Amino acid sequence: MQIKNICCIGAGYVGGPTMAVIALKCPHINVTVVDANPERIKAWNGPLNALPVYEPGLAEVVKEARGRNLFFSEDISGNIERAEMIFMAVNTPTKTEGEGAGMAADLRYVEACAKDIAKYSKSDKIVIEKSTLPVRTAEKIKEILEENSTNIHFEILSNPEFLAEGTAIQDLFKSDRVLIGGDETESGQKAVQALVDVYANWIPEEKILTTNVWSSELAKLASNAMLAQRISSINSLSALCEKTGANIDELSKAIGMDHRIGPYFLKASVGFGGSCFQKDILNLVYLCKYYGLDEVAEYWHQVIKINDYQKDRFAQKIIDHFGGDLTGKRIAILGWAFKANTNDSRESAAIYVAEKLHKAGATIEIYDPMVSEDSIYSDVRFYWKEIPKTHKDRFDVLKGSPNFNNVDAFAIVTEWEAFKHFDFKKSMVFDGRNILEKKEVTHLGK
Ligand code: NAD
Ligand code: UDX
């Protein structure tokens, strides 16, 4: 089947960059990204230096494809109707209420998408799960599509996204693998081939892996769990290093040089953040419990518990340094994004660390080169008595802004390159990301 029109529902961190790259690499396909949030669509159609997602290289891709065969639109119904292939790239946060609250994935946005697809489709469609979903969600989506439509055939594929924020464009250009799960029926296999043909425009065929739907759905959750597990393993060892005089960076290097282990994701930190790891592991834990696999659930839950422990340990180190009370102290938090090169602060370790320091009495000042003040305020507004001071003038901050001269300590929580060049003079610095090599800096695990 020759695909001419793709529609993607969800113009976020996944939908925006992924579709921009598909459009760039497949000039013969019209790609339209729609979203329920008109502000997001306006921003995607706006100036290239103010796109809703900050990713190195994204603006260049959008510049080339936007208006040619890449479109951002508020017209959800019309674009569903026109497309032969529809990606669902909506958010799947952890449920906050009802059965499975605090663990299971909240599928309400995916379900709303499926209802829209059923409602506005007038011809057969290939519907693709791009969002990260619990294993066997395709069954539920099929049910919704069939209950809400007549005489239309929907083929559901799972095609989870493996990009990491901050390197999304490079990850999409040169994916380690593209995973496509489909039904083993004839129509299922035809749909799989149609999607393989899209990716084959730039991904070598040996990197396109086809499986059944359930393996594909579960492989995504399991990949994130395995990556996060490595971080929790090294972070747990950073605590032991501090007690024994071993050095966590030397340990990481020594461990990672074993080719069976490899060097990646062994960097000790103040704890992983981001919208994926915690949510996806909790979801995995919930699934294991649901299927009665309590030991397996507990094994994976421990990855989250060590992450919480590490964030807490870092904040406590700062509090202990000042004798257990931060009243009257000013602490500058350097970095608010959950990692460098993104404007995303979802589940950032910075939020937890700042909250704990604030509760211990500190006045907090925050600087991040990319996260907007609005995002910072919305991250803290639920629990803070006073609004923290934020510093947005990058150059002032890097020169050593006067406001920063009075702080009692700096806490580095994001590994932005700029912080390596910051002039800390004789200040007390707590480095949660191991980016500074200065002697006076207090590192985790050293
Ligand atoms: P996001 O919150 O940035 O974007 C989701 C978008 O979907 C929002 O703009 C929202 O307005 C829109 N939306 C929600 N319901 C809608 C509906 N019914 N109709 C139209 N639009 C709707 O989320 P994201 O970070 O792009 O993540 C999307 C999915 O991809 C999640 O399942 C996530 O787990 C997965 N994922 C994310 C990443 C990542 O790095 N962020 C990587 C791989 C996979
Ligand atoms: C992750 C997965 O890597 C990606 O494949 C998936 O599609 C989405 O989830 P992301 O969360 O965007 O990507 O970034 P990632 O590079 O994985 O970093 C996640 C967190 O782990 C960050 O807070 C990062 O600072 C931290 N991290 C990463 C460490 O603490 N140590 C490491 O060695 C690596």
Side-chain angles (χ1 to χ4, degrees), residues 7-19 33-41 43-44 52-53 55 72-74 76-77 79-80 87-94 105-117 129-134 137 159-168 171-172 175-177 220-221 223-228 230-235 238 252 256 263-281 283 307 310-311 335 337-350 413-415 432-435 444:
C7 170
C8 173
I9 309 179
Y13 283 85
V14 166
T18 317
M19 292 303 127
V33 191
V34 297
D35 200 288
N37 176 350
E39 293 307 314
R40 258 206 167 165
I41 294 299
W44 279 110
V53 170
E55 272 296 335
F72 296 94
S73 167
E74 292 175 37
I76 297 181
S77 57
N79 281 293
I80 288 178
F87 285 84
M88 297 191 290
V90 296
N91 38 327
T92 49
T94 305
D106 187 345
L107 298 182
R108 81 175 90 163
Y109 305 103
V110 172
E111 288 169 9
C113 267
K115 282 188 188 146
D116 275 353
I117 294 171
E129 299 174 342
K130 188 50 120 177
S131 299
T132 303
L133 296 167
T137 304
N159 171 223
E161 186 46 61
F162 292 99
L163 67 79
E165 290 180 31
T167 53
D171 295 344
L172 289 163
S175 309
D176 285 349
R177 78 315 210 171
K220 175 64 200 176
L221 287 186
S223 294
N224 274 354
M226 298 279 277
L227 288 168
R230 284 172 69 99
I231 304 170
S232 279
S233 297
I234 206 72
N235 281 343
S238 73
S252 276
Y264 302 107
F265 276 70
L266 285 181
K267 203 165 176 325
S269 67
V270 60
F272 57 75
S275 63
C276 294
F277 282 171
Q278 174 161 308
K279 149 180 97 69
D280 293 347
I281 295 173
N283 189 355
N307 201 49
Q310 188 76 346
K311 289 186 278 190
F338 80 95
K339 64 185 281 200
N341 297 318
T342 177
N343 61 343
D344 191 351
S345 63
R346 288 177 290 182
E347 301 296 338
S348 176
V413 284
T414 311
E415 62 276 40
R433 292 291 173 179
N434 281 336
I435 58 169
L444 269 171

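As the structure lists them, so they are numbered: ligands from 1, and atoms in each ligand from 1. Along the sequence shown, residues carry numbers from 1. Just so it is clear, the model here is predicted, and its values are computed rather than measured.
Checked against a 3.5 angstrom limit, the closest N/O atoms of F162 and ligand 1 fall outside it. Ligand 2 has a nitrogen or oxygen under 3.5 angstrom from a nitrogen or oxygen of F338. Not a single N or O atom of I76, backbone or side chain, sits closer than 3.5 Å to an N or O atom of ligand 1. Annotation: F272 places no N or O atom under 3.5 Å from an N or O atom of ligand 2; distance criterion only. At a 3.5 angstrom cut-off on N or O pairs, Y13 counts as close to ligand 1.
In this structure, K220 does not pair ionically with E129, as no charged nitrogen and carboxylate oxygen lie closer than 4.0 Å.
Here is the list of ligand 2 atoms found below 4.0 Å of a heavy atom in S269: 29 (C), 30 (O). When each atom of ligand 1 is checked for a heavy atom of V90 under 4.0 Å away, the hits are 7 (O), 13 (N), 14 (C), 15 (N), 16 (C), 22 (C), 28 (C), 29 (C), 31 (C), 32 (O). The distance from ligand 1 to the heavy atoms of E165 drops below 4.0 Å at these ligand atoms: 39 (C), 40 (O), 41 (N). Close approach of ligand 2 to E415 is summarised as follows: ligand atoms under 4.0 Å from at least one heavy atom of the residue are 25 (O). Per-residue contacts place K279 under 4.0 angstrom from the following atoms of ligand 1 (heavy atoms of the residue considered): 33 (C), 34 (O). Which parts of ligand 1 touch G10 is read off a 4.0 Å heavy-atom cut-off, strictly below it: atoms 6 (C), 7 (O).
Comparing T92, V53, L133 by heavy-atom distance to atom 31 (C) of ligand 1, the nearest is T92. Residue K267 holds the heavy atom nearest to atom 33 (O) of ligand 2 of all those in E161, E165, K267, K220. Between the choices I9, V34, D35, D116, the shortest heavy-atom distance to atom 9 (O) of ligand 1 belongs to D35.
Counting heavy atoms under 4.0 Å from ligand 2, residue L266 touches it through the backbone alone.
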